[in-house]
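So the structure is just underneath, and the comments pick up after that.
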Amino acid sequence: MSSNDNTTAAAEENIPKMRVIRVGTRKSQLARIQTDSVVATLKALYPGLQFDIRDKILDTALSKIGEKSLFTKELEYALEKNEVDLVVHSLKDLPTVLPPGFTIGAICKRENPCDAVVFHPRFVGKTLETLPEKSVVGTSSLRRAAQLQRKFPHLEFKSIRGNLNTRLRKLDEQQEFSAIILAAAGLKRMGWQNRVGQILHPEECMYAVGQGALGVEVRAKDQDILDLVGILHDPETLLCCIAERAFLRHLEGGCSVPVAVHTAMKDGQLYLTGGVWSLDGSDSMQETMQASIGVPAQHEDGPEDDPQLVGITAQNIPRVAQLAAENLGISLANLLLNKGAKNILDVARQLNDAH
């Protein structure tokens with residue numbers, strides 16, 4: 001028997017036969033591609049199960065208030081009402097504290113977490129550095145704008161809204177933007193790698209917490225579904241994202257302030273770099289810390305009343321490793337807070353709220 005057969009057999013062992021698993025998603029091309037990829041993996045692991053993918057269509061007038069958070073609430077409502085059993089999200093869109101009754105039951109192997117630059121056709125072959133003076137670069141992210149304004153002062157950064165398709169159309173059909181910044185992972189999942197003109201490495205632009213990873217949200221008390229999706233956890237991605245989410249949560253950061261990270265695992269050591277910026281990038285602070293993440297051969301702890309860490313449940317990954325990752329994120333946040341990061345974040349938050 002091959003190792004794949006062993007994995008499938010182990011996965012199916014405790015799962016009810018021929019149950020239909022209802023999967024919630026939102027009606028966007030990227031959301032559907034991400035959901036389909038997770039369902040395809042689950043189908044391969046559980047050939048005896050059926051999966052029913054259900055689109056949630058949000059009222060368009062409502063969606064202007066903050067599409068991602070509203071869709072998350074809509075999908076959580078469907079979970080709560082037992083209309084769906086699991087929901088696939090971009091992990092970076094999920095808050096570090098989930099509403100009671102929900103948990104992230106799986107974090108899948110991360111794609112490239114870096115940001116990518118897509119150039120207007122007339123600037124193909126350029127880089128941000130070689131774009132003409134006063135070129136306008138579109139991004140929906142305060143984090144990207146703050147870091148890149150500091151790095152490329154000859155450019156102007158302007159907000160651009162909409163899903164990936166909408167942003168690319170605005171870039172190509174209007175003359176307003178010379179380039180736009182998007183997550184490399186989303187472009188790859190859409191099959192648009194050929195549009196990537198430049199990858200921004202962490203030394204140029206650190207990425208968002210959880211960027212490039214998919215999270216599977218489930219009901220916290222639904223043990224059958226937790227068992228079903230738990231096999232999707234990628235241990236390295238999980239531990240990196242626990243550290244990142246603990247860092248953000250302890251800083252009390254979010255989408256309204258520029259906070260960015262970079263994580264790497266090497267020889268049993270987890271390295272976490274985190275930074276905070278003022279909105280214009282003129283003031284910043286970043287530090288790196290590392291922790292030994294000794295992963296024992298098996299889970300040696302008993303069941304816990306609250307197994308969640310930063311909204312994540314991973315019962316098949318050693319608790320000691322998860323706690324070490326969480327402590328690394330908290331320690332790095334405390335280091336920055338002790339050096340004055342709170343002032344930078346408070347000012348950024350106030351300025352952003354005023355707009």
Side-chain angles (χ1 to χ4, degrees), residues 91-92 94-98 104 107 110 113-115 141-151 200-213 236-294 306 308-312 319-355:
L91 185 62
K92 69 184 174 73
L94 284 174
T96 56
V97 180
L98 296 187
I104 299 164
I107 295 180
R110 194 174 213 168
C114 294
D115 291 315
S141 160
L142 297 173
R143 168 190 60 79
R144 291 171 184 145
Q147 292 181 81
L148 294 172
Q149 280 178 101
R150 186 183 179 117
K151 200 97 180 166
L200 296 172
H201 298 290
E203 55 273 16
E204 297 172 293
C205 186
M206 290 201 292
Y207 42 83
V209 165
Q211 185 160 307
E236 183 171 323
T237 302
L238 169 78
L239 295 171
C240 287
C241 290
I242 285 176
E244 293 172 15
R245 285 169 66 83
F247 171 71
L248 181 65
R249 181 173 177 171
H250 202 68
L251 278 180
E252 296 181 349
C255 291
S256 62
V257 289
V259 174
V261 293
H262 169 51
T263 45
M265 186 91 80
K266 189 176 180 185
D267 301 327
Q269 296 285 314
L270 178 56
Y271 297 84
L272 171 64
T273 302
V276 300
W277 285 260
S278 59
L279 288 188
D280 65 0
S282 61
D283 201 1
S284 72
M285 187 177 292
Q286 60 189 70
E287 293 287 349
T288 301
M289 291 181 78
Q290 69 189 77
S292 179
I293 307 285
D306 182 12
Q308 287 197 45
L309 291 179
V310 286
I312 300 163
R319 184 74 171 178
V320 65
Q322 296 183 57
L323 288 169
E326 182 188 44
N327 288 335
L328 175 62
I330 292 169
S331 298
L332 184 63
N334 280 330
L335 178 61
L336 288 180
L337 289 169
N338 290 338
K339 291 189 165 193
K342 189 174 188 307
N343 187 50
I344 295 174
L345 291 171
D346 285 347
V347 171
R349 197 175 281 112
Q350 288 161 10
L351 285 171
N352 190 50
D353 289 347
H355 278 76

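Heavy atoms only: backbone and side chains are in, while hydrogens, waters and symmetry mates are out.
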Step-by-step side-chain contact (heavy atoms from CB on, under 4.5 Å) determination, L337 to H250: CA-CA 9 Å; L337 289 169; H250 202 68; 4.2 Å; yes
Chi angles and distances behind the side-chain contact (heavy atoms from CB on, under 4.5 Å) call for Q286, M206: CA-CA 10 Å; Q286 60 189 70; M206 290 201 292; 4.1 Å; yes
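- R245 has no carboxylate O lying under 4.0 Å from a charged side-chain N of E326, or vice versa, which leaves the two without a salt bridge.
- Checking N338, D346, I344, L345 one by one against K342, the side-chain contact (heavy atoms from CB on, under 4.5 Å) holds for a single residue, D346.
- At least one side-chain heavy atom of Y271 sits less than 4.5 Å from a side-chain heavy atom of K266.
- Closest heavy-atom contact between S141 and R144: OG-N, 3.0 Å.
- Nearest heavy atom pair, residue L272 against residue G329, reads CD2-CA, 3.7 Å.
- Taking the charged nitrogens against the carboxylate oxygens, D115 and R143 do have a contact shorter than 4.0 Å, which makes a salt bridge.
- The two residues A348 and L279 make their nearest non-hydrogen contact at O-CD1, 3.7 Å.
- For the side-chain contact (heavy atoms from CB on, under 4.5 Å) with V276, the qualifying choice from L251, V257, N343 is L251, the only one to do so.
- Tested against T263, the residues C241, P202, P113, C240 include a single side-chain contact (heavy atoms from CB on, under 4.5 Å) partner, C240.
- For the residue pair E287 and T273, no side-chain donor N or O sits within less than 3.5 Å of a side-chain acceptor on the partner.
- S282 and R150 form no side-chain donor-acceptor contact under 3.5 Å, judged by distance and modelled atom types alone.
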Verdict with supporting geometry, L98 and I104, side-chain contact (heavy atoms from CB on, under 4.5 Å): CA-CA 9 Å; L98 296 187; I104 299 164; 3.8 Å; yes
